[in-house]
Amino acid sequence: MNTYTKKISAPKHYDVIVVGSGSAGATATIAAARAGAKTLVLERLPFLGGTSTAVLDTFYGFYTPGASSKKVVGGISDDVMERLRHYRSWLERPNTHGAGTGVTYHPEYLKVVWEDLVRESNADVLLNAWVQDVEANGKSVKQVIVASKLGLQSFSADVFVDASGDADLCHFGGFDYELAGDIDPAQTLTTTFKLCNVDVAKRKTISKDEFHGLMAKAAESGHYDLPRKEGSDHITPVDHMTATIMTRLPSFYKQGETVVNATDPELLSQAEMEGRKQAIEYIRFLRDRVPGYEQAQLSTFGMQIGVRETRRVYGEHRLSRDEVLSATQFDDQIGLCGAPIEDHHGGADTKWAYLPDGQCVGIPWRTLVPKASENLLIAGRCFSASHDAHASVRSMAQCMSMGQAVGTAAALMAQEKKSPLEIPVNRIQETLRANGAILETP
């Protein structure tokens, strides 16, 4: 007998609720739970990790580029790396465009790493949970409503963390943000893919410039539809397998005065399908024109299209391009970033702008606090920054730094019943340092 009744369940209460379990959200969950807060993480996918496990396979931002490589991110991220080493599923490699050493990993193992660390922290996990609505008064979030296989479920908390990437909590809760594409052009979307049966040694016989030359020549021939002319491929922990960042699709368009971007389900649906079609064209080019790919076969597409920016929340401070490129240090910084501005605009190339050699910009605590927020924090690619500054500090290693900071602060806020700016930032910083975070350039 069917006993289903259409209703929203009575809210279950937590000290801290984190929405989104990517590099920022998973780290925030671990930090809050380790600090003693009763914590729940809500994730729309059937696994933890967000972009780190559904789209990409490389952490950027751990190291500075330039003459000497400096490690500038630590703490919970070190625990992640130690678990990946245990599975022998990672390697370090130079970045194609000089953005610093990248840490390439096996995403399937990383799923287990995130799950183990989150569950060992005693946090609760709800997968396949889509945020549908938020009860809030513009300053304080009361509860979040999610869709699950049981229907609509409600959860309340003393403190919330929006690590959804798209600022879903802020959007539904009425907090202000800039929609990517509204002021500056939004960064493009990318469907990632991996190829197996690649002769890696043969592929290495041509340089980056020669590779890009082959791509440009193929596009100019008229026989290939390749919108991006300097896409990259790289080795992975799996022998004879490479991963790519090549495809390029628009992430927004304008209808009169209205900006539509990758938070729109219709645009995203079309992009997901077109991205796979475009990837097939790049695979055809690789097999036809690039040494080492003659016998290559498609292994996998990314589980979802890669989204670089959608909603960027207006916080108590908004990080700027000038602050990034001048490697500004802040009294309230909770992490560091030495990565260049990497703007995947709508053209055939990518725009790069570098910080001074070996230097880092600080990530201010105030960029993680939505304006006038009483119990909501943000972390990850929805943090408070201009388009250009965001294009530097959005790397996944920096997202981990943000996540550890907001998780640490969220636990303090819940324990002491205080708003974000009522918690002395030096207490957050001291706790972060004690737990391995790096707040000053080495």
Side-chain angles (χ1 to χ4, degrees), residues 19-20 22 24 50-51 55 131 133-134 136 138-139 141 162-190 227-228 248-272 274-275 304-325 341-353 363-364 366-373 376-395 398-399 402:
V19 174
T51 294
V55 179
V131 171
D133 205 356
V134 170
K139 293 184 178 180
V141 177
D162 189 340
S164 64
D166 295 324
D168 291 335
L169 266 181
C170 292
H171 172 68
F172 291 119
F175 293 85
D176 288 338
Y177 56 81
E178 177 190 341
L179 190 64
D182 198 13
I183 298 175
D184 298 299
Q187 295 209 56
T188 53
L189 307 173
T190 295
R228 185 181 180 187
R248 173 161 286 174
L249 297 105
S251 65
F252 80 106
Y253 59 88
K254 287 192 175 183
Q255 294 178 325
E257 296 300 314
T258 302
V259 174
V260 178
N261 76 357
T263 59
D264 180 85
E266 291 187 13
L267 184 151
L268 206 55
S269 295
Q270 293 301 316
E272 291 280 13
E274 183 60 31
Q304 61 185 37
I305 201 165
V307 179
R308 294 182 171 91
E309 62 173 340
T310 50
R311 305 180 183 118
R312 286 178 274 107
V313 178
Y314 286 114
E316 294 292 339
H317 179 83
R318 195 163 189 254
L319 195 65
S320 71
R321 175 188 177 91
D322 288 344
E323 287 170 333
V324 169
L325 293 182
I341 292 174
E342 178 183 347
D343 187 359
H344 293 257
H345 60 98
D349 62 355
T350 300
K351 295 178 181 177
W352 298 82
I363 305 172
R366 291 161 294 154
T367 63
L368 309 181
V369 181
K371 272 191 174 298
S373 165
L376 174 63
L377 300 171
I378 51 179
R381 64 177 173 84
C382 59
F383 84 112
S384 180
S386 70
H387 166 78
D388 288 332
H390 177 272
S392 166
V393 186
R394 66 178 174 82
S395 294
Q398 279 63 49
C399 289
M402 296 183 214

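In this text the structure is predicted, and so the values were computed from the model without any measurement.
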Checking side-chain hydrogen bond (donor to acceptor under 3.5 Å, both in side chains) between Thr190 and each of Arg248, Arg308, His344, which is the one that passes? Arg308
Distance under 6.0 Å and angle within 45° of the ring axis: does Arg311 meet both against Tyr177?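 Cation-pi check for Arg311 and Tyr177: passes.
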Rounded to the nearest 0.5 Å, how far apart are [atom1] of [X] and [atom2] of [Y]?
X: Ser384; Y: Ile363; atom1: OG; atom2: CD1; answer: 12.5 Å
X: Leu325; Y: Ile341; atom1: CG; atom2: CD1; answer: 4.0 Å
X: Glu316; Y: Ser373; atom1: CD; atom2: OG; answer: 8.5 Å
X: Asp176; Y: Arg312; atom1: CG; atom2: CZ; answer: 14.0 Å
X: Glu272; Y: Leu267; atom1: CD; atom2: CG; answer: 10.5 Å
X: Leu319; Y: Asp388; atom1: CG; atom2: CG; answer: 10.5 Å

Heavy-atom distance under 4.5 Å between the side chains of [X] and [Y], does that happen here?
X: Glu342; Y: Trp352; answer: yes
X: His317; Y: Val369; answer: no
X: Gln304; Y: Val55; answer: yes
X: Val141; Y: Phe175; answer: yes
X: His387; Y: Ile183; answer: no
X: Pro250; Y: Thr188; answer: no
X: Ile378; Y: Cys170; answer: yes
X: Phe383; Y: Val393; answer: yes

Heavy-atom pair of closest approach, residues [X] and [Y]:
X: Ser386; Y: Arg321; result: OG-N, 3.7 Å
X: Ala271; Y: Ile305; result: O-CD1, 3.5 Å
X: Cys382; Y: Gly165; result: CB-O, 3.5 Å
X: Gly380; Y: Cys399; result: CA-SG, 3.7 Å
X: Arg381; Y: Thr310; result: NH1-OG1, 3.3 Å
X: Val259; Y: Ala180; result: CG1-O, 3.8 Å

Apply side-chain hydrogen bond (donor to acceptor under 3.5 Å, both in side chains) to residues Glu178 and His390 and explain how you reach the verdict. CA-CA 12 Å; Glu178 177 190 341; His390 177 272; over 6 Å; no
Between Ser320 (side chain only) and Glu323 (backbone N and O only), is there a donor and an acceptor less than 3.5 Å apart? yes
Distance-only, no hydrogens or angles: does the Thr367 side chain make a donor-acceptor pair with backbone N or O of Arg318 under 3.5 Å?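 No, the answer is negative, given that no donor and acceptor are paired below the 3.5 Å cut-off.
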Criterion side chain to side chain contact (heavy atoms under 4.5 Å, CB included) on Val131 and Phe172, from CA distance to verdict: CA-CA 9 Å; Val131 171; Phe172 291 119; 3.9 Å; yes
Run the side-chain hydrogen bond (donor to acceptor under 3.5 Å, both in side chains) check on Asn261 and Thr263 step by step: do they pass? CA-CA 5 Å; Asn261 76 357; Thr263 59; 2.8 Å; yes
I would like to know whether His171 and Asp162 meet side-chain hydrogen bond (donor to acceptor under 3.5 Å, both in side chains); could you show each step before the answer? CA-CA 10 Å; His171 172 68; Asp162 189 340; over 6 Å; no
Pair Lys351 + Asp343, salt bridge at N-O below 4.0 Å: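 Salt bridge flag = no for Asp343 with Lys351.
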